[in-house]
Amino acid sequence: MANQRAKLVVGNWKMHGRLADNKVLLQAVSQGAGALPQQVGVGVCVPCPYLAQAQVLLNGGRVGWGVQDVSAHAQGAFTGEVAAQMAAEFGASYAIVGHSERRAYHLESVELVATKTVRALEAGLTPIVCVGETLDQREAGATESVIGMQIDAVLAKLSADDAARLVVAYEPVWAIGTGRSASAEQAQAVHAFLRARLAAKSEAAAARVALLYGGSVKPDNAESLFRQQDIDGGLIGGASLKHVDFLAICQAAVTANAMR
Ligand code: PGA
C-alpha cells in the first residue's frame, strides 16, 4: 500500500558557511527548489548566526530553515547556548537534535537528547532526531539495541500526539562524511525497525513520521535509498553545500516519490 508521507530532504551545513557564500547557495537552492512539486519538502539547517540571513533569503519560498542543535533549557544562565524559542523567532521550522557529532564530541546522553526534543516541540519546531550506531556496534550485532535505546528515550518523554510531530533521521556513524553510505537494503532494515518502534508508541505516529536516511547521501545513491518503503528522504551533510548536488538529491526524492 502506498504511504501518504511526503518526502523531505534537509541539508545539514554543520559548521560551514560565510555570508557571501551562503547568499549564493541559499538563492540557488531556493530558486531550484521552487520548481519542484509540493510533495517534496526541502529544508536547510544552518549555523545559528546565519538564521537571520536564511530567513531573509528563504522567506516566502518553499525551502524551510532550521538549526543544528537547541539548548535543553528554555532560557537562563547558560552561556553559549541557544534556546529553541530563539530559533523560532527567526522563522525556523526545524531543529536537528542528537546528531552523532554532538553525542560524540559534546557527550550528549540519550536523556539530554530527549529533553532537547521536548524543548524544540514546545517552541513549535519540528525536531529531527538523529539516531545511529558506530561501526563497532554494528559489527558486534548491536545496531538494533543501540538505536532502540536512542529512540525509546525520546519517545518515553512524548505524548502520542507529540511523537507524531517528529522527524527521525537514521545516520549510521560509519557512513557520515566517509563517502561510505549504507546500502539501500541496510538502511531500509533499520528504518523498518524504527517504524516498528514508533508503532509501539502510536500507530498514528508510525504512519506520519518521516524517517530520513543520512550518511554520505549523494546524487548518485539518493534515488535508490529514497525508493525504499520506509525511507522518506534524507539528511544531507557535505552534498548540501553544493547547490547542484543538493538539488539533484531533492530531484531524486521527487522521482522516488513518483515510483514508490
Ligand atoms: P554527510 O553528513 O552527508 O556529509 O555524510 C550527514 C550528516 O551528518 O547529517
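For ligands, and for the atoms within them, numbers begin at 1 and follow the listed sequence. Here the structure is a predicted model, which means the values were calculated and not measured.
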The atoms of ligand 1 lying under 4.0 Å from a heavy atom of Gly237, numbered in the order shown, are 1 (P), 2 (O), 3 (O), 4 (O), 6 (C)
| For Arg102, does the CZ atom sit with more than 12 other heavy atoms under 6.0 Å from it, leaving out its own atoms? | yes
d(Ile231 CD1, Phe226 CZ) to nearest 0.5 Å is 8.5 Å
Under 4.0 Å from one or more heavy atoms of Gly215, ligand 1 contributes atoms 5 (O)
Check your understanding: Charged N to carboxylate O under 4.0 angstrom, Arg138 versus Glu133?
Key -> yes
Query - Parallel, tilted or perpendicular: rings of His191 and Tyr170 (30°, 60°) - result: perpendicular
N/O separation below 3.5 Å, Ile236 to ligand 1: no
Counting from 1 in the order shown, the ligand 1 atoms closer than 4.0 Å to a non-hydrogen atom of Ser216 are 1 (P), 3 (O), 5 (O)
Any N/O of Glu101 closer than 3.5 Å to an N/O of ligand 1?
no
For Gly177, the atoms of ligand 1 under 4.0 Å from one of its heavy atoms are 1 (P), 4 (O), 5 (O)
Counting heavy atoms under 4.0 Å, the part of Ser100 that contacts ligand 1 is neither
In ligand 1, the atoms that come under 4.0 Å of a heavy atom of Glu171 are 6 (C), 7 (C), 8 (O), 9 (O)
**Report entry** Contact with ligand 1 for Ala175, non-hydrogen, under 4.0 angstrom
**Finding:** yes
Below the 3.5 angstrom mark, is there an N/O of Gly238, backbone or side chain, next to an N/O of ligand 1? yes
Nitrogen or oxygen atoms of His99 and ligand 1 under 3.5 Å apart:
yes
Could you tell me whether ligand 1 has any atom less than 4.0 Å away from a heavy atom of Gly214? no
Please say whether Lys14 places an N or O atom under 3.5 Å from an N or O atom belonging to ligand 1. yes
More than 12 heavy atoms of other residues, nucleotides or ligands under 6.0 Å from CD of Glu81: yes or no? yes
Within the 4.0 Å heavy-atom cut-off, what Asn12 brings close to ligand 1 is side chain
Is the closest heavy atom of Ala239 to ligand 1 under 4.0 Å? no
